[in-house]
Each structure stands twice: as C-alpha cells, then as structure tokens.
Amino acid sequence: MRILVAGGAGFIGSHFVKRLLEAGDEAVVLDKLTYSGNRANLPQDVEFVHGDIAVPDDVARAAHGCEAIVNFAAETHVDRSVLSAEEFGHTNFRGTQVLLEHVRQAEIRLVQVSTDEVYGDLEAGGSSRETDPLNPSSPYAAAKAAGELLVPAYVRTYGVHASITRGSNTYGPNQYPEKFIPLFVTNMLDGEPLPLYGDGRQVRDWLHADDHCAGIELILREGGPGEIYNVGGDNEQTNIDVAEKLFALTGADRSLLRRVDDRPGHDRRYSLDTSKLRALGWAPRVPFEEGLRATVDWYRDNRDWWEPIKSGEYRAYYEQQYGARLSTSSPA
Ligand code: NAD
Ligand code: TDX
C-alpha cells in the first residue's frame, strides 16, 4: 500500500513510518515541521511534503496516489494548550476536517489517531470503553475530541471509510522533551531540577511507541468504517513511581525532585479497556521496565538529537512553563 502519514516527522508518526517501510509499504510524509516536528526522526530518503493538513492543496499534493491516510498531525502538549489554545483548534479540528474532505472526494481510507484524554478523568475507578461519552478536560483534549467527532459524522453522512484510534500515554525514543518521561530523563542526565506536578499521584497508562504503532497498523489494515479502538498498555503507574524508576535507571540524585504547582484542570487518572482491539489479535508486547531502560539508554546515547532542541525555542517555553513554579517549589 502507498500511505500518507500526516505528522510523520513527530514522535509516534516517525516510528509508524519506519514500521511501514519495514513491512514493504510505501510511505509519504506530510508535515508542517512545527516545534515538535523533526526531519532527523525520519530516514533521509523518505518521500516528504512540507505542508499543513489544514490546507487542502497541501493535502491533495501529498496524498496523490495514496490508498490511505493515517493522521498523527496535531498540537499535542496539554501544558502548551493551557498557555494558548489557538493552534490546537487549527490543526486538531480544522486539519482533521480537511483530511476528511479529501478522503471523501478521493474515496480513500482514513485512520484518525486520537487519545485516551478524550474520555476525561477516571478518578473513581474502572476503565473507559469505546462507547463511553467524551468528557475532555484540557483545551488539547477538547480539540482532539472535536476533531474525532467529525469522523463518525463523515462516515454516516458521506459513507467515508474512516476509523479512530484512542491511544494511551506513549513513550520511547524521539519523544520531544516537553513530555513527562523525556523531560525527566534529559533533566536527570543534565542534573537539572525535576518539576513534579501536585502530589505526583496522578495515574497514566504507559504504552511503548512500538506497541502503539502495531495497534494503529492493525486498525489501518483491518479496522472497520466508523469503528473506534482503544490502544492502551495495561500499565497504570503513578507519576512518582515512574520518576523513581527513572532515578534507578539514570543514577541521578533524588534531591533534584521538586514538588511544583499543579497543572490547571489536571486529570487524575486515565484507564483504557482494550478488549476490542485485543479481539483482533493485538496486545502490548514491550514490558515497561525493558522499554523504559531502552528509552533511557537512547536519550543517554543520543544527546546530539535532544541538546539542540533544548537550547532552541524550548528554552523560552521552559522558562514560561516552569520558571515561577520552580522558584517557589519544595523538595519532594
Ligand atoms: P508530536 O508533537 O511529537 O508530533 C506531531 C507532529 O505533527 C509534528 O511532526 C508536527 O510538525 C506535526 N504537525 C503539527 N501540526 C501540523 C499541521 N497543521 N500540519 C501538518 N503537520 C503538523 O506528537 P506525538 O506525541 O507523536 O503524537 C502524535 C499523535 O498521537 C497526535 O495526534 C496525538 O494526539 C496522538 N497521541 C499521542 C500520545 C502520546 O502520548 N504522545 C498518546 C495518544 C495519542
Ligand atoms: O513537568 C511535568 N511534570 C509532571 O508532573 C510534566 C510535563 C508532566 N507531569 C505529569 C502530568 C501528567 O500527569 O506527568 C503526566 C504526563 O504528562 P504529559 O507527558 O504532559 O502527558 P499527558 O498530559 O498525560 O498527555 C499525553 O498523553 C496523551 C500526551 O502528551 C498527549 O499527546 C496524549 O494524547
């Protein structure tokens, strides 16, 4: 198959492109190269179109000759959406609509990559099923929910062939260091303070990027039109427990840990029921301890990937996000 991977220069999208190429498929990448998009995540010779999923001509140009689009392109960081939500509406909602218009006219397939965050907080227990109502808490999650709600509408109204994946917190190599695990690992390697939000007891279900991509690939090949699939790691961990595992792996000094003001609207817990995707034959394969060890090794061995990021645009973002919080923080 020839497949357009939108957002393929980002973290999960680039793992997916490499997976498709290994399977013998053809991949074309459409990516706007925002702050989190990075050409260095991809093989040099991959077909690459620099463009915006919210611009119909860019999509038509990139999707020429493709049988399917898998959409990873998004503004993805909750904390940035709290600072400013402008771009989140543009890409996560408007961009998804432009892709749906394209697949409708070209009569090709779409897989919309969404997130467990659309379900909102599950503090009370239990796990989210695909039929549960959407209850997003952050501007990021609301924009993702708005984008994915267009999918069943286009399936029902125009008969397009489109499926939705709702993945849980993903980790692995090449993740932009604004997210929890790569932020903590790279700060540990540099001896920088580690900003733990609130009481650090929030729960996330961690999934390795390879397992997330295997789930999306299966849905691309076998998913039904209008169907939604949870992709979760069955691996719920508190943030403080993840931090402790990272201390053990990096050998960093525990005094770096700082308790800082919580994220506004912070969801306490996410949890996914993955029985629907498991019934298609998928299961997460990478044990957390092993995946985390390999991820820490990757960041230790690939400073040339993350040091330029941390000294660029990231510095100003980091100061805005953490400057005041860290100056009034307490040891955790
Ligand atoms: P990322 O921020 O690393 O990558 C996003 C990519 O999209 C970047 O390459 C960026 O340049 C590109 N992009 C942004 N706006 C664009 C636009 N308008 N047009 C074209 N390209 C654009 O994100 P990620 O963590 O790899 O997430 C990929 C997808 O998976 C997102 O849709 C996200 O919502 C979803 N997801 C992520 C996680 C996670 O834990 N990282 C979990 C579940 C779902
Ligand atoms: O500095 C930090 N300190 C901290 O305590 C950061 C960046 C995060 N945290 C906490 C907040 C969360 O409880 O760690 C947890 C994970 O935070 P993020 O890495 O920002 O992920 P999260 O907000 O859970 O969202 C992620 O998973 C779902 C991705 O960023 C989304 O793109 C995806 O949809």
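Numbering of ligands and ligand atoms starts at 1, following listing order. From a predicted model like this one, the values you see are computed outputs, not experimental measurements. Here, residue 1 is the first one in the sequence, and each next residue gets the next number.
- For I181, no heavy-atom contact with ligand 2 is shorter than 4.0 Å.
- Only the backbone of S114 comes within 4.0 Å of ligand 1, judged by heavy-atom distances.
- In this structure, G8 does not count as a contact residue of ligand 1, since none of its heavy atoms falls inside 4.0 Å of the ligand.
- The shell of residues lying under 4.0 angstrom from ligand 1, judged by heavy atoms, includes Y140.
- Residue K179 touches ligand 2 through backbone and side chain together, judged by heavy-atom distances below 4.0 Å.
- For the pair K144 and ligand 2, no heavy-atom separation below 4.0 Å is found.
- Summary of contacts: the protein heavy atom closest to atom 24 (O) of ligand 2 is R204 NE, 2.7 Å.
- No N or O atom of D267 sits closer than 3.5 Å to an N or O atom of ligand 2.
- You'll find the ring centres of F88 and F93 outside the 6.0 Å limit.
- Applying the side chain to side chain contact (heavy atoms under 4.5 Å, CB included) test to A40 and every residue at least two apart in sequence or in another chain returns N38.
- Among A54, A141, A73, G147, the residue whose heavy atom lies closest to atom 13 (N) of ligand 1 is A73.
- Residues that satisfy the side chain to side chain contact (heavy atoms under 4.5 Å, CB included) test with A9, not counting sequence neighbours, are D31, L33, L42, F48.
- Short contacts between ligand 1 and D52, defined as distances under 4.0 Å to a heavy atom of the residue, involve ligand atoms 17 (C), 18 (N), 19 (N).
- The closest approach between F72 and ligand 1 falls below 4.0 Å for a heavy atom of the residue.
- The shortest heavy-atom distance from S168 to ligand 1 is under 4.0 Å.
- Taking 4.0 Å as the cut-off, Q321 does not count as a neighbour of ligand 2 on heavy-atom distance.
- Of the options V98, T170, N38, D31, the smallest heavy-atom separation from atom 9 (O) of ligand 1 is shown by D31.
- Of the listed residues (E87, R80, K32), the one carrying the non-hydrogen atom nearest atom 16 (C) of ligand 1 is K32.
- Between Y176 and F11, the distance separating the two ring centers is not shorter than 6.0 angstrom.
- Closest to atom 20 (O) of ligand 2 among all protein heavy atoms lies R263 NH2, 2.9 Å.
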